[in-house]
Visitor: 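This is the structure I have questions about; it appears just below.
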Amino acid sequence: MAVAYNKRTHRCGELRRPHVGQHVTLAGWVNTARDHGGMAFIDLRDHTGITQLRFTPDHAAAHELARSLHNEDVIAIEGMVVSRGEWTNPKLTTGEIEVEVTNIDVLSRCDPLPFQVNDDFEAGEDLQLRYRFLHLRRPEMQEIFRLRDRIARAIREFFHEHGFVEIETPFLTKSTPEGARDYLVPSRVRAGTFYALPQSPQLFKQLFMISGFDRYAQIVRCFRDEDLRLDRQPEFTQLDMEMAFVQREDVMDIVEACVQRIFKDALNIDIPLPLPRMTEHEATERFGIDRPDTRFGLELLDVTDLMHEVDFNVFREAIDKGGVVKCIVASGGDKLTRKFTDALAEELKGMGGAGLPLTKVAQGAGGVELQTGIAKFLQPIAAKLCQKIGAVTGDTVFFMPGTNADACKYLHHVRTRLGTILDLIPKNKWDLLWVVDFPLLTWDEEEKRWASTHHPFTAPLDEDLHMLDTDPGKVRDKAYDLVLNGTEMAGGSIRIHRKDVQTQVFRILGISDEEAKEKFEFLLDALRFGAPPHGGIAFGLDRWVMKLAQANSLRDVIAFPKTQRAMCPLTNAPSPVSKKQLDELYLALKPLPNK
RNA sequence: GGGGCCGUAGCUCAAUUGGUUAGAGUACCGGCUUGUCACGCCGGUGGUUGCGGGUUCGAAUCCCGUCGGCCUCGCCA
């Protein structure tokens with residue numbers, strides 16, 4: 001019989017002992033069905049929880065119908081809340097009661113499922129995405145997206161409370177040089193020309209400052225056509241903000257306050273302020289990367305000077321070429337099996353490395369004795385080495401020769417692996433820090449030119465400005481990256497607000513005056529007409545959700561994400577389009593290369 | 001573009017390392033069942049071992065190719 005499903009009296013997670021005796025109307029999905037012949041039970045689920053329904057021959061029509069139900073059928077019921085008495089189920093928040101059903105209405109039957117919604121088995125990820133609407137029905141997914149909502153709302157509220165104006169920026173915009181590959185959108189009205197989807201609203205928010213909005217913030221989608229990773233999707237969401245008349249401390253202060261608010265509202269965790277700060281130089285020297293995970297030690301140590309005395313070709317070559325030898329000292333030797341270190345060395349080779357020289361520290365008759373690996377080369381300086389790097393009996397020392405950048409890259413990987421296998425990474429620790437004073441420019445060896453470390457609009461430090469022409473590699477910038485447990489969560493900078501400096505930076509980047517005019521004339525114009533000093537930041541919202549939800553992948557916190565090959569298994573996008581659509585755009589497809 | 005792991009029933013996995021008819025749980029179908037709560041019990045359907053080729057007396061297992069998923073380097077101002 002029909003049930004007024006639009007007049008639900010409660011949700012499925014709400015009923016408690018005080019409701020006993022009430023007539024209620026509930027609706028939801030069949031989580032499980034248990035048929036005992038003369039009596040049947042249904043666990044009814046919605047996003048709030050589960051209520052057990054009881055069906056008996058006292059209400060024969062409802063009872064008969066209930067016995068035919070399957071998982072994920074959609075039903076509405078009327079009934080009376082009754083106490084479970086001795087049959088209380090402590091595993092359910094509603095476990096003290098059940099609903100004696102008098103009337104049931106089957107709203108929608110469910111076909112056999114591609115995977116079960118109500119069990120703990122993880123379906124393959126491609127299946128999850130193909131049937132994403134089912135996967136999102138699971139309580140743990142519901143929890144993630146409600147956390148996402150809390151985080152986004154905390155951010156939005158925070159910025160509105162602090163006088164920021166939310167203004168939208170275009171998605172159909174101009175392709176820019178530098179940076180990531182653009183997603184292009186063909187123009188029909190001006191056939192042969194293309195829009196690009198924004199990699200970020202960077203220039204528009206700078207224009208807002210020049211327009212006098214003073215404080216702007218927007219939660220906005222960004223698009224980058226690059227290869228995907230665990231924590232990289234082609235479209236992702238940023239909290240984008242910008243402030244006028246500020247120095248970088250002003251931006252960092254307000255961002256810190258916002259981060260504190262996010263943790264409080266989303267997880268009820270108190271974050272002490274101010275957050276620690278570290279220069280990019282220190283981060284790289286100590287941890288091998290500009291986004292260090294400071295939850296554990298295993299810091300990098302430079303042993304280049306000691307290795308001058310060592311007769312080991314691999315080290316000698318690196319040093320002769322002006323490189324370094326760095327190392328990591330790890331305790332807990334029994335977990336560092338030959339199998340593990342061999343596999344780690346293989347991983348490094350896969351990354352372009354040469355291998356992983358190592359040795360173990362032991363106690364010999366005459367003092368420190370090194371064993372295995374490259375021990376025989378290092379034995380002459382064993383005592384001196386161990387003293388310098390603080391290695392003691394039982395430790396394993398991992399070495400990496402090469403350019404400083406390579407040694408850092410590979411040892412960072414080694415450090416991360418060691419942290420995991422040695423179980424050094426504390427659970428439920430939230431290590432936030434700022435990394436500052438990046439080099440403004442990074443030398444691109446492949447293209448033999450300077451490239452922006454962040455982007456071309458980042459302001460140099462005032463005290464380094466004089467080196468811009470003479471020694472551009474030495475110039476530090478006014479950028480700041482916010483790092484959480486080794487992941488970059490936000491990045492921003494004070495921007496260039498002087499036209500002459502901006503022109504100079506474009507020139508150093510190899511952007512010709514003509515190209516600058518063609519691509520950025522609107523920005524250079526804006527800088528001519530009264531641009532206040534300004535700066536801002538962008539948070540990777542998806543990454544915040546991933547971190548705070550302790551999810552394994554960005555895909556778990558995006559409702560309809562792409563696979564690694566940038567496909568959507570749900571909609572099958574991207575897909576071919578009709579000849580008519582192409583004709584309207586005056587586009588023709590080239591034949592695909594044969595493999 | 002490079003390196004690596006994986007692909008067996010609708011789903012999650014196994015198959016003693018190349019050896020009989022590829023199994024289990026779950027889902028699905030039929031039957032029994034009045035206190036279950038991942039209910040239980042009895043019976044049943046369900047397989048081109050991703051695809052193509054090769055080695056072999058014999059291949060899910062080994063080799064080559066290909067497709068797909070994932071991790072990673074490059075790339076991601």
Visitor: If you assign each of A/Gln199 and A/Glu125 to its closest nucleotide in RNA chain B, which residue comes earlier from the 5' end?
Guide: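 The answer here is A/Glu125.
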Visitor: Determine the contact category for A/His70: base if any of its heavy atoms lies under 4.0 Å from a base atom, sugar-phosphate if only primed atoms, P, OP1 or OP2 are that close, otherwise nothing.
Guide: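 Sugar-phosphate: the residue A/His70, judged by heavy atoms under 4.0 Å, touches backbone atoms but no base.
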Visitor: According to the Watson-Crick and G-U wobble definitions, with both distances under 3.5 Å, which nucleotide is paired to B/C70?
Guide: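 Pairing partner: B/G4.
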Visitor: Provide, to the nearest angstrom, the distance between the CG atom belonging to A/Leu134 and the C1' atom belonging to B/A27.
Guide: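 So the two atoms are 13 Å apart, to the nearest Å.
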Visitor: When we call it a touch if two heavy atoms are under 4.0 Å apart, what does A/Asn71 touch: a base, just sugar-phosphate, or nothing?
Guide: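 Contact class for A/Asn71: none.
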Visitor: Any idea how A/Phe133 and A/Tyr131 line up, ring-wise: parallel (<30°), tilted (30 to 60°), or perpendicular (>60°)?
Guide: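 Ring orientation of A/Phe133 relative to A/Tyr131: perpendicular.
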Visitor: For A/Arg17, what residues pass the side-chain contact (heavy atoms from CB on, under 4.5 Å) criterion, not counting sequence neighbours?
Guide: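 A/Arg17: side-chain contact (heavy atoms from CB on, under 4.5 Å) contacts with A/Ser83, A/Glu96.
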Visitor: With both distances under 3.5 Å as the test, what is the Watson-Crick or G-U wobble partner of B/G30?
Guide: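 Paired with B/G30, as far as the under-3.5 Å criterion goes, is B/C42.
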Visitor: Excluding sequence neighbours, so at least two apart, what forms ring pair (Phe, Tyr, Trp, His ring centres under 6.0 Å) with A/Phe560?
Guide: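 So A/Phe560 forms no ring pair (Phe, Tyr, Trp, His ring centres under 6.0 Å) with any residue.
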Visitor: What parts of residues 39-48 of chain A reach RNA chain B, counting only heavy atoms under 4.0 Å away?
Guide: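 Residues of residues 39-48 of chain A under 4.0 Å from RNA chain B: A/Met39, A/Phe41, A/Asp43.
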Visitor: Rounding to an integer number of Å, can you tell me how far A/Glu346 CD sits from B/U72 C1'?
Guide: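 Value for this atom pair: 14 Å.
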Visitor: Against A/Asp43, only a single residue in A/Thr32, A/Asn118, A/Asn71 fulfils side-chain hydrogen bond (donor to acceptor under 3.5 Å, both in side chains); can you say which?
Guide: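 Per the side-chain hydrogen bond (donor to acceptor under 3.5 Å, both in side chains) rule, the option paired with A/Asp43 is A/Thr32, out of A/Thr32, A/Asn118, A/Asn71.
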Visitor: So A/Pro114, base contact, sugar-phosphate only, or nothing? Heavy-atom distance under 4.0 Å.
Guide: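 Here A/Pro114 touches the backbone only, sparing every base.
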Visitor: Is there a residue in residues 557-565 of chain A whose heavy atoms reach under 4.0 Å of RNA chain B, and which residues are they?
Guide: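 Here the set is A/Thr563, A/Gln564, A/Arg565.
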Visitor: Under 4.0 Å between any heavy atoms, over every strand shown, what does A/Thr458 touch: base, sugar-phosphate, or nothing? Just pick one.
Guide: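 The answer is nothing, as A/Thr458 stays clear of every strand by at least 4.0 Å.
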Visitor: Tell me which nucleotide among B/U12, B/C76, B/U72 gets nearest to the side chain of A/Glu226.
Guide: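 From the listed options, B/C76 comes nearest.
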Visitor: B/U36, OP1 or OP2 - any side-chain N/O from A/Arg34 closer than 4.0 Å?
Guide: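 The answer is no; no side-chain N or O of A/Arg34 sits under 4.0 Å from OP1 or OP2.
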Visitor: Could you grab the distance from atom CZ of A/Arg476 to atom OG1 of A/Thr279, nearest 0.5 Å is fine?
Guide: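 A/Arg476 CZ to A/Thr279 OG1: 9.0 Å, rounded to 0.5 Å.
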Visitor: Considering every strand and a 4.0 Å limit on heavy-atom distances, what is the contact class for A/Ala123: base, sugar-phosphate, or nothing?
Guide: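 The answer is sugar-phosphate, as A/Ala123 gets under 4.0 Å only of primed atoms, P, OP1 or OP2.
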Visitor: Rounded to the nearest 0.5 Å, how far does CZ of A/Arg507 lie from CG of A/Asp469?
Guide: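 Going from the CG atom of A/Asp469 to the CZ atom of A/Arg507 covers 8.5 Å.
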Visitor: Looking for any heavy atom pair under 4.0 Å, which part of the strands does A/Arg555 touch: base, sugar-phosphate only, or nothing?
Guide: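 Here A/Arg555 touches the backbone only, sparing every base.
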Visitor: Return the 5'-most residue of the pair A/Leu230, A/Lys349 with respect to RNA chain B, ranking by each residue's nearest nucleotide.
Guide: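 That would be A/Lys349.
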Visitor: Check the distance between B/U26's P and A/Glu122's CD and give it to me in whole angstrom.
Guide: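 For the pair A/Glu122 CD and B/U26 P, the rounded distance is 20 Å.
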Visitor: Taking the six-membered ring for Trp, are A/Phe208 and A/Tyr216 parallel (under 30°), tilted (30 to 60°) or perpendicular (over 60°)?
Guide: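 Ring orientation, 0 to 90° scale: tilted.
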Visitor: Does the ring centre of A/Phe287 sit less than 6.0 Å away from the ring centre of A/His412?
Guide: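 Centroid distance A/His412-A/Phe287: not below 6.0 Å, so no.
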Visitor: Which is true for A/Gly124 with a 4.0 Å heavy-atom rule: it touches a base, it touches only sugar-phosphate, or it touches nothing?
Guide: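 Contact class for A/Gly124: sugar-phosphate only.
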Visitor: Would you say the base of B/C75 and the side-chain of A/Arg232 have a donor-acceptor pair closer than 3.5 Å?
Guide: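 Counting by modelled atom types and ignoring angles, a donor-acceptor contact under 3.5 Å is found here.
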Visitor: Give a yes/no on whether any side-chain N or O of A/His36 is located under 4.0 angstrom from OP1 or OP2 of B/C37.
Guide: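 Negative; the distance criterion is not met.
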Visitor: Is B/U17 syn or is it anti, if syn means the base angle is within 90 degrees of 0?
Guide: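 Syn conformation for B/U17.
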Visitor: Watson-Crick or G-U wobble partner for B/U12, using a 3.5 Å limit on both distances?
Guide: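 In the structure as shown, B/U12 has B/A24 as its Watson-Crick or wobble partner.
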Visitor: Mind checking if A/Leu509 touches a base, just sugar-phosphate, or nothing, with heavy atoms under 4.0 Å?
Guide: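 No contact.
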Visitor: I need the full list of ring-ring contact (aromatic ring centres under 6.0 Å, His included) pairs touching residues 471-510 of chain A, with sequence neighbours left out, sorted by first then second residue.
Guide: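 Every pair satisfying ring-ring contact (aromatic ring centres under 6.0 Å, His included) with a residue in residues 471-510 of chain A: A/Trp434-A/Tyr480, A/Phe506-A/Phe520.
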Visitor: Please check the phosphate of B/C39 (OP1 and OP2 only) for any side-chain N or O of A/Thr32 closer than 4.0 Å.
Guide: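 Yes, because at least one side-chain N or O of A/Thr32 sits under 4.0 Å from OP1 or OP2 of B/C39.
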Visitor: Can a donor-acceptor pair under 3.5 Å be found between the side-chain atoms of A/Gln52 and the base atoms of B/U36?
Guide: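 Yes, the side chain and the base share a sub-3.5 Å donor-acceptor pair.
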Visitor: If the condition is side chain to side chain donor-acceptor pair (under 3.5 Å), which residues does A/Asp556 pass it with, not counting sequence neighbours?
Guide: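 Here no residue qualifies.
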Visitor: Test A/His135 against every option in A/Glu125, A/Gln128, A/Glu140 by the side-chain contact (heavy atoms from CB on, under 4.5 Å) rule and name the one that passes.
Guide: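 Result: among A/Glu125, A/Gln128, A/Glu140, A/Gln128 is the only option passing the side-chain contact (heavy atoms from CB on, under 4.5 Å) with A/His135.
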